[in-house]
Amino acid sequence: MGLGENSHGKSRVRVAKVVRHGDGTQEIHEYNVAIQLYGGTERSFTHGDNSMVVATDTCKNHVYLLAKQHSMSSPEQFALDLADRFLDTYAFVTQVRVRVAKAPWQRVAIGDVPHRHGFVRGSGTHAAEVHVVRGSGVRTHGREAHHVAELLSKLEHVDVLKTTQSGWDAFLQDKYTTLPPTTERLLATTVECTWKVDLKTLGTRTFDYAALFELVKRTLFESFFGNPFTGVYSPGVQATMYAMGEAVLQRAPHVTSVTFSLPNIHFLPCNIPAFAKAGIAFDDDVYIPTDEPHGLIKCTVTRATSKL
Ligand SMILES: O=c1[nH]c(=O)c2[nH]c(=O)[nH]c2[nH]1
């Protein structure tokens with residue numbers, strides 16, 4: 001018997017910071033943080049020896065202490081700096097994984113006037129996941145630089161729907177198939193999109209990740225919905241998500257791949273036989289919204305040329 005991969009940390013650590021500007025404008029940054037530390041704690045599992053364990057309660061305190069000093073300009077920057085903080089403070093920690101999700105507070109407008117300190121919760125979460133490994137030996141500004149093995153940015157929990165310009169047609173037919181093909185349906189999903197940022201091409205860890213997030217979000221919306229007047233036809237969730245991923249890769253040079261997990265939230269045509277008999281036909285107008293069962297389509301779009 002032996003100990004396999006092991007880690008410990010704290011999840012769902014919530015922290016909020018108010019930034020107050022000289023002109024009276026204020027900002028709110030609310031994060032939900034999860035930390036896992038790796039290395040040095042093997043004996044706590046095998047011998048009950050906790051002498052090298054940073055208590056998970058202490059992990060939580062580091063979140064508050066970093067928030068005190070940090071601009072909290074993006075979940076990515078906070079996650080990277082928090083991972084560094086653990087590696088710098090505890091020499092026996094070899095790797096750190098951090099996830100940071102930002103609450104979608106948006107400045108409220110009264111009429112057209114942006115409020116100085118009023119916010120309303122919007123939709124969609126900006127999150128980041130980092131995996132940082134103890135130093136490469138390179139020292140910058142007098143301290144060891146740690147290696148960012150992975151930096152993922154995410155847009156989650158965004159419900160989107162379009163009322164036309166969607167179909168599901170010419171799919172495989174066999175004796176089990178009952179779904180009629182259609183070129184007119186509603187398309188609804190909850191976007192979960194993850195993009196991998198390549199720090200090698202970025203050349204720095206300090207980057208405007210918030211601006212990249214806004215660019216990706218806008219690009220995803222533009223390719224999902226299409227032109228505001230004419231839209232864009234979707235022949236299936238699969239083709240639409242691939243087009244969304246391609247559009248992101250075209251616009252964001254530091255993104256190496258885009259991964260989606262998209263539920264197909266069905267709006268069923270209200271095609272009730274008794275209504276039809278009474279002469280009340282479904283006319284692409286009344287639908288029955290459902291949330292289960294739902295389709296679930298996943299893909300990753302990369303820069304590598306497909307071998308297909
Ligand atoms: O966009 C879709 N993709 C599918 O794979 C699928 N399967 C299905 O029944 N409806 C749909 N719609």
Side-chain angles (χ1 to χ4, degrees), residues 12-33 63-64 66-79 99-128 153-166 186-195 206-232 234 240 243-244 247-248 250-252 255 260 262-263 265 267 284-287 289 291:
R12 303 186 69 143
V13 182
R14 293 181 61 190
V15 61
K17 179 168 186 176
V18 176
V19 178
R20 300 172 201 276
H21 297 289
D23 67 353
T25 310
Q26 306 196 353
E27 290 170 30
I28 176 83
H29 303 287
E30 180 185 334
Y31 289 172
N32 192 320
V33 180
V63 173
Y64 305 141
L66 181 63
K68 192 86 188 152
Q69 310 158 350
H70 206 273
S71 71
M72 296 181 81
S73 59
S74 69
E76 288 84 351
Q77 204 65 61
F78 193 81
R99 175 186 155 91
V100 176
K102 181 180 166 74
W105 293 116
Q106 287 174 351
R107 190 173 299 284
V108 75
I110 303 295
D112 289 336
V113 184
H115 201 282
R116 281 183 162 185
H117 57 256
F119 298 84
V120 61
R121 191 180 277 272
S123 75
T125 306
H126 176 186
S153 297
K154 290 174 171 256
L155 171 66
E156 299 172 330
H157 315 307
V158 186
D159 294 337
V160 293
L161 175 153
K162 58 182 197 165
T163 51
T164 188
Q165 289 283 45
S166 161
L186 266 64
L187 182 59
T189 189
T190 302
V191 175
E192 190 190 305
C193 175
T194 303
W195 55 99
T206 310
F207 180 69
D208 194 346
Y209 298 101
L212 178 60
F213 174 82
E214 291 306 327
L215 173 73
V216 171
K217 186 174 173 183
R218 194 169 67 241
T219 305
L220 293 174
F221 279 18
E222 281 174 16
S223 57
F224 179 84
F225 293 112
N227 175 289
F229 298 99
T230 54
V232 59
S234 164
T240 292
M244 291 160 81
V248 171
Q250 272 158 15
R251 286 202 199 161
V255 173
F260 295 95
L262 298 186
I265 310 286
F267 282 69
D284 297 324
D285 50 359
V286 178
Y287 293 84
D291 50 16

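Residue numbers run from 1 in the order of the sequence given.
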Taking atom CZ of R14 as the centre, does the number of heavy atoms from other residues, nucleotides or ligands within less than 6.0 Å exceed 12? no
Considering all heavy atoms, the nearest N32-R12 contact: OD1-CA, 3.1 Å
Can you say whether the rings of H70 and F78 are parallel (under 30°), tilted (30 to 60°) or perpendicular (over 60°)? perpendicular
Checking K17 side chain against A67 main chain: does a donor-acceptor pair fall under 3.5 Å? yes
Checking D159 now: which residues fulfil side-chain hydrogen bond (donor to acceptor under 3.5 Å, both in side chains) with it, not counting sequence neighbours? T190
Does any pair with a residue in residues 99-109 pass side chain to side chain donor-acceptor pair (under 3.5 Å), and if so which ones, sequence neighbours excluded? H29-K102, E30-W105, R99-E129, R99-E156
Can you list the residues that meet the side-chain hydrogen bond (donor to acceptor under 3.5 Å, both in side chains) rule with K162, with sequence neighbours excluded? none
Checking Y31 side chain against V63 main chain: does a donor-acceptor pair fall under 3.5 Å? no
Interatomic distance, CD@Q250 vs OG@S223, rounded to 0.5 Å, equals 9.5 Å
Nearest heavy-atom neighbours spanning V158 and G124: CG2-CA, 3.4 Å
In short, A128 meets P75 closest at the heavy-atom pair CB-C, 3.8 Å
Do L220 and C193 have side-chain heavy atoms sitting under 4.5 Å apart? yes
Could you walk me through whether E27 and H21 satisfy the side chain to side chain contact (heavy atoms under 4.5 Å, CB included) test, starting with their C-alpha distance in whole Å, then the side-chain angles of each, then the deciding distance to 0.1 Å, before giving a yes or no? CA-CA 8 Å; E27 290 170 30; H21 297 289; 2.5 Å; yes
Does the pair V19 and M72 meet the rule for a side chain to side chain contact (heavy atoms under 4.5 Å, CB included), with working shown? CA-CA 9 Å; V19 178; M72 296 181 81; over 6 Å; no
Heavy-atom closest pair (F225 atom, L161 atom, distance to 0.1 Å) is CE2-O, 3.5 Å
Identify, with sequence neighbours excluded, every residue that meets side-chain hydrogen bond (donor to acceptor under 3.5 Å, both in side chains) alongside T230. N227
Atom of T219, atom of V248 and distance for their closest heavy-atom approach: CG2-N, 3.7 Å
E76 side chain reached by H126 side chain, heavy atoms, under 4.5 Å: yes
Exercise: identify the closest heavy-atom pair between A210 and S74: N-CB, 4.1 Å
Quick one, M244 with T240, criterion side chain to side chain contact (heavy atoms under 4.5 Å, CB included). Give me CA distance, side-chain angles, the key distance, then yes/no. CA-CA 6 Å; M244 291 160 81; T240 292; 3.8 Å; yes
Begin from the C-alpha positions of D284 and T164 and carry the test side chain to side chain contact (heavy atoms under 4.5 Å, CB included) through to its verdict. CA-CA 9 Å; D284 297 324; T164 188; over 6 Å; no
What pairs with R20 under side-chain hydrogen bond (donor to acceptor under 3.5 Å, both in side chains), at least two apart in sequence or on another chain? Q26
Any side chain to side chain donor-acceptor pair (under 3.5 Å) pairs touching residues 208-217, not counting sequence neighbours? none
